[in-house]
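Working notes for the structure below.
To find a chain, count down the sequence lines: A is the first, B the second, and so on, and within it residues start at 1. All of these numbers come straight from a predicted model, not from anything done at the bench.
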Amino acid sequence: MQENDHILRVQDLKTDFKVGRRTVHAVNGVTFDVRRGKTLCIVGESGCGKSVTAHSIMQLLPPNGTIAGGTISYYTRDGACEILSNYKRSGPRMRAIRGKEISMIFQDPMSTLNPVYTVGSQIMEMLKKHEKVSKAEGKARIIRLLGELGIPNPEIRYDQYPHEFSGGMKQRIMIAIAMICNPTLLIADEPTTALDVTIQAQILDLIRKMQESYGTSVILITHNMGIVVEIADDVAVMYMGRIVEFGSVQQIFSHPVHPYTRALMRSVPVLGMNKDQELAVIEGTTPDASTVFTGCEFAERCECARPECFHRFPKDTEIEAGHRVRCLLYEEGGEENG
Amino acid sequence: MFKYILRKLLALIPKLLVMSVILFFALELLPGDALSRTMPPDQYQALSEAQKVAAREALGLNAPPVIRYFRWLNQIFHGDFGYSASTGQNIGTMLAGRLPYTIELSFYGLLLATAVGLLLGFLSAVMKNTIVDYFCTTISVFGISLPEFFFGIVFIILFSVQLKWLPSGGRMPVGAHGFFSRVPYLVLPVMTMAISLTAALVRYTKNSMMDVMGKDYIKTARSKGLRETTVSFKHAFRNSLIPTMTLIVMRLPRLVGGSAVIEMVFNYPGIGNMALTAVNAGDIPVVMITTMTTGVMVLLSSTLVDIVTAMLDPRIRLG
């Protein structure tokens, strides 16, 4: 694979949080690439570190969170490489990337828009920050984008305040803010979790439409397997701050290998399945994020766990081109035993 | 916005009426008859029974209280505030001489408290856990916990008696006029008046700012690549002001009412001073009018703050 195919390369990312006197390793050595123009889905349960990974890329962590190790490299349109993890959190270089190169949409559209400014001015703020445009020209561009995003009467809506919009409409406004400068990478952190099911599909369609018309790469964070199969090109499954399985959507869905991935798949209802059949449940709960492990983090909930799983850390193993799994069953010589 | 202001101003009318009803009938409950409240006690005692009957008849005091309330209201509407029971002076004239002084004092006090309180609150939130923050927090603890007249006395001892920088009281030198001759006389009372509201505002603004800084829309603002100063001022500060305005409205009566004590300490010829003198002399007509005036000042200024709040927050304009 050529460097040029990638827009973002995250290597061995570690993000720590200080909680009181303790340090919690929320992200613990995460490695993945985002391909140009493609969609990467990061899936996992609540608290697995998927959101923290996204916030680390944007350097939007809360004050008690820091990137403790690893590199985040971003490849610009002209092929230059910027090491984001070396930039200061609110320094000028990071700020030049935010919004212009990489932009982000968040989970709860009810609280992500500033209630005291009109939506138009909030989109305009983004545009003016990164591009030299006249007011009239900018407004025309914003109204055109709002129209593309399916907002009726964009000229009137431009001058309205967030409280005059419904949740789904607010999320469209957030997408407009994120897309107005035509970024190369869009990070969507559970963009549909807070919305109605009927609106969810519309928002996902819009993200896909934006991606098609502007060639944007997307990192979509979700815990919904149904969304993954709809929209992803690549999938990263996270558990306890680590990626346990990474591969293309075909690889993951037709041939899931990690016991956690397989358990996740079984816990999702599929259209046409026998309605009397009970859905599988992953036994136990996610351990506390500050737990110290001596072996595989998933071992105690894993149905395939063997004694060695409890006191040996698994390593990433590539079982197929582009398909990595972090499980002792698949390490050298492990496969025949599994 | 225009409709909102109009509605707020119209709402003043019933508020003022209710206030006047409460005031009139509360004082009506005082011992003694209505005639005794129109003149000094010794003069009242000197009257013969026949004179009293005649005076009541002449002044219309035999009418039931409800009728007299409406007469009183009618007089006020026509600018006739009646006469002082102790000095016989026209209350309207007394008020005209003193009200501007009190308005001046309260206005600068409010302005100073708001400006300094919001600024220090903002700074201590943005520079949390720095020397600036500790300094502001310490100062505000003193300001909240000590009464205003204490600061008044300390300021007089420090700035007038010891340092001799500023006059200890009064309004302006004899024969002088114009704003600049008044300034030295205003500094200490205004500072004293502002101190407790400033202290409350520093704390409140800081907490409100820190609350807002944790909101999702601040993350959105940061994700746009804005400078940290733009994020904290444009996005956080304006939002943090909305609850702070409520605090100002709630503290206004204390500010205006507290001016009576401060006027006393600084021998400042405002209506607070006039009200205290009237209370001591049992001068009911003056007490009524000064209380009413103070009430009107509080209502007008809280309406003003409400309008400012609506300018800050679009959600209020609709409601």
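Looking at A:Ile105, neither its backbone nor its side chain comes within 4.5 Å of chain B, counting heavy atoms on both sides. A:Gln122 touches chain B through backbone and side chain together, each having a heavy atom under 4.5 Å away. Using a 4.5 Å cut-off between heavy atoms, A:Ser111 touches chain B through backbone and side chain atoms alike. Contacts between B:Ile218 and chain A at a heavy-atom distance below 4.5 Å are absent for every atom of the residue.
Heavy-atom pairs under 4.5 Å with chain B peak, among A:Ile102, A:Ile97, A:Thr112, at A:Thr112. Among B:Lys215, B:Lys234, B:Arg222, B:Glu228, the residue with the largest count of heavy-atom pairs under 4.5 Å with chain A is B:Lys234. Among A:His130, A:Glu125, A:Met174, A:Met58, the residue with the largest count of heavy-atom pairs under 4.5 Å with chain B is A:Glu125.
Remark: B:Phe155 pairs with B:Phe159 by the ring-ring contact (aromatic ring centres under 6.0 Å, His included) rule, at least two apart or across chains.
Outside the 6.0 Å centre-distance limit, the rings of B:Phe151 and B:Phe142 are not counted as a close aromatic pair.
Surrounding CD1 of B:Ile131 are at most 12 heavy atoms belonging to other residues, nucleotides or ligands under 6.0 Å away.
There is no side-chain donor-acceptor pair under 3.5 Å between A:Thr23 and A:Asp16. Checking A:Thr15 against A:Ser56 by side-chain atom types alone, a donor-acceptor pair falls below 3.5 Å.
Within the structure, the salt bridge (charged side-chain N to carboxylate O under 4.0 Å, His left out) test picks out no pair touching residues 235-256 of chain B (sequence neighbours left out).
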